[in-house]
Amino acid sequence: MCFHNALSVKAQDLEHRYKAKFNKDSHFEPIYHGYAFGFMLWPVITNKNSKYIQEFNWGLIPSWVKTKNEAQKIRSCTFNAQVETAFEKPSFRNAIKTKRCLIPSTGFFEWQTIKSKKYPYFISLKEQQIFSMAGLWEEWIDKQTGEILQTFSILTTTANPLMEKIHNTKKRMPVILASELETEWLSQTLTNDNILALCQPYNENLMQAHTVSKLYFNRDKFLH
DNA sequence: CCAGACGTTGTT
DNA sequence: GTCTGG
DNA sequence: CCAGACGTTGTT
DNA sequence: GTCTGG
């Protein structure tokens, strides 16, 4: 599961890290806590255009969705996509073959449950401030208004031992790509097996986690 | 045939 | 768009 | 964010 | 009207 994500760096830092540019009209500001249900804009680098950092909305809307209402309903269920089943699911099977992207992150939040109480953790990488989660994207056109919505989903896989201890109810974690595999993820010529091979749980020894205050998750602080 | 799903996991 | 369940 | 609930008891 | 669940 991955509903709480962070990208607490400047636009310029991202441009250096990915050797890609934001569009001129972008106003990216550091994101200290992004919550999926805000359907917020997030920087992504797609296989279609890796020279630019685009900003897509979190919550993938498949292209076959007919109405805004239906789109709103489905996108609250497509913040994450399980990689084990993504090749079969109608919502993801097209995207995982042809529309992959990198989701830049500086860390994400997960909850540990102990005796029915929940403790939030922040998880990041030891050696890279900015890393990439593996993502899928889609482009949806509202036939009523002509509006185009570009959206994305974060792939999840089974938790590694560190994440099993933290996210101890569902035991899932986002797919994290080693930096040297980012270009490969965006390649147009991968087989299904190649794609699955890139989506293994990340090495726990390269990750770090610490508890954080629940105050970070007060509704008022991260919605709007 | 035709309506309905199509998806994931849950802080205060 | 395509599959499933009734 | 925004649609949907807003309630209780307890059979096949 | 306000809270909750997705």
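Numbers restart at 1 for each chain; the letters A, B, ... are given by sequence-line order, proteins then strands.
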Name the orientation class of the two ring planes belonging to A:Phe28 and A:Phe22 (parallel below 30°, tilted from 30 to 60°, perpendicular beyond 60°). parallel
For [X] and [Y], I'd like to know if the aromatic rings sit close, meaning centre-to-centre distance below 6.0 Å.
X        : Y        : result
A:Phe79  : A:Phe37  : yes
A:Phe109 : A:Tyr121 : no
A:Phe122 : A:Phe108 : no

Nucleotide [N], atom [atom2] - distance to [atom1] of [X] in whole Å:
X        : N      : atom1 : atom2 : result
A:Trp64  : B:dG4  : CH2   : P     : 15 Å
A:Arg75  : D:dA3  : CZ    : P     : 12 Å
A:His167 : B:dT8  : NE2   : P     : 13 Å
A:His4   : B:dT8  : NE2   : P     : 18 Å
A:Lys66  : B:dC6  : NZ    : P     : 13 Å
A:Phe37  : D:dC1  : CZ    : C1'   : 10 Å
A:Lys73  : D:dA3  : NZ    : C1'   : 9 Å
A:Tyr121 : B:dT11 : OH    : P     : 14 Å

inquiry  = I'd like to know whether NE2 of A:His210 has more than 12 heavy-atom contacts from other residues, nucleotides or ligands below 6.0 angstrom.
reply    = yes
If the [atom1] atom of [N] is compared with that of [M], how far apart are they to the nearest Å?
N      : M     : atom1 : value
D:dG10 : E:dC3 : C1'   : 27 Å
B:dT12 : E:dT2 : P     : 23 Å
D:dT11 : B:dC1 : P     : 43 Å
D:dG4  : B:dA5 : P     : 12 Å

- request: Could you tell me whether a side-chain N or O of A:His27 sits under 3.5 Å from a main-chain N or O of A:Asp25, the two making a donor and an acceptor?
  value: yes
Practice task
Check the side chains of A:Thr157 and A:Gln200 for a donor-acceptor pair under 3.5 angstrom, ignoring hydrogens and angles.
Solution key: no
Q) With a 3.5 Å cut-off and no angle check, do the side chains of A:Tyr52 and A:Thr46 form a donor-acceptor pair? A) no
inquiry  = Looking at A:Arg17 and A:Glu182, is there a salt bridge between them, counting it only when a charged N and a carboxylate O are closer than 4.0 Å?
reply    = yes
A:Glu147 bridged to A:Lys68 by N-O distance under 4.0 Å:
yes
Closest non-hydrogen atoms of A:Pro43 and A:Leu14, given as atom of the first, atom of the second and distance, are CG-CD1, 4.1 Å
Of B:dC6, B:dT11, D:dC1, the nucleotide closest to the side chain of A:Phe39 is D:dC1
*Looking for any heavy atom pair under 4.0 Å, which part of the strands does A:Gln82 touch: base, sugar-phosphate only, or nothing?*
sugar-phosphate
Tell whether A:Gln72 reaches the base of D:dC1 with its side chain through a donor-acceptor pair below 3.5 angstrom. no
Result for side-chain contact (heavy atoms from CB on, under 4.5 Å) between A:Trp185 and one of A:Asn47, A:Val175, A:Leu177 points to A:Leu177
Here the residues of residues 87-96 of chain A within 4.0 Å heavy-atom distance, strictly under, of DNA chain C are A:Pro90, A:Arg93
Contacted region of DNA chain C by chain A, from 5' end to 3' end of the hits, cut-off under 4.0 Å to heavy atoms, spans C:dG1 to C:dT2
Paired runs of 3 or more consecutive Watson-Crick or G-U pairs involving DNA chain D, with both pairing distances under 3.5 Å, are D:1-6 with E:1-6
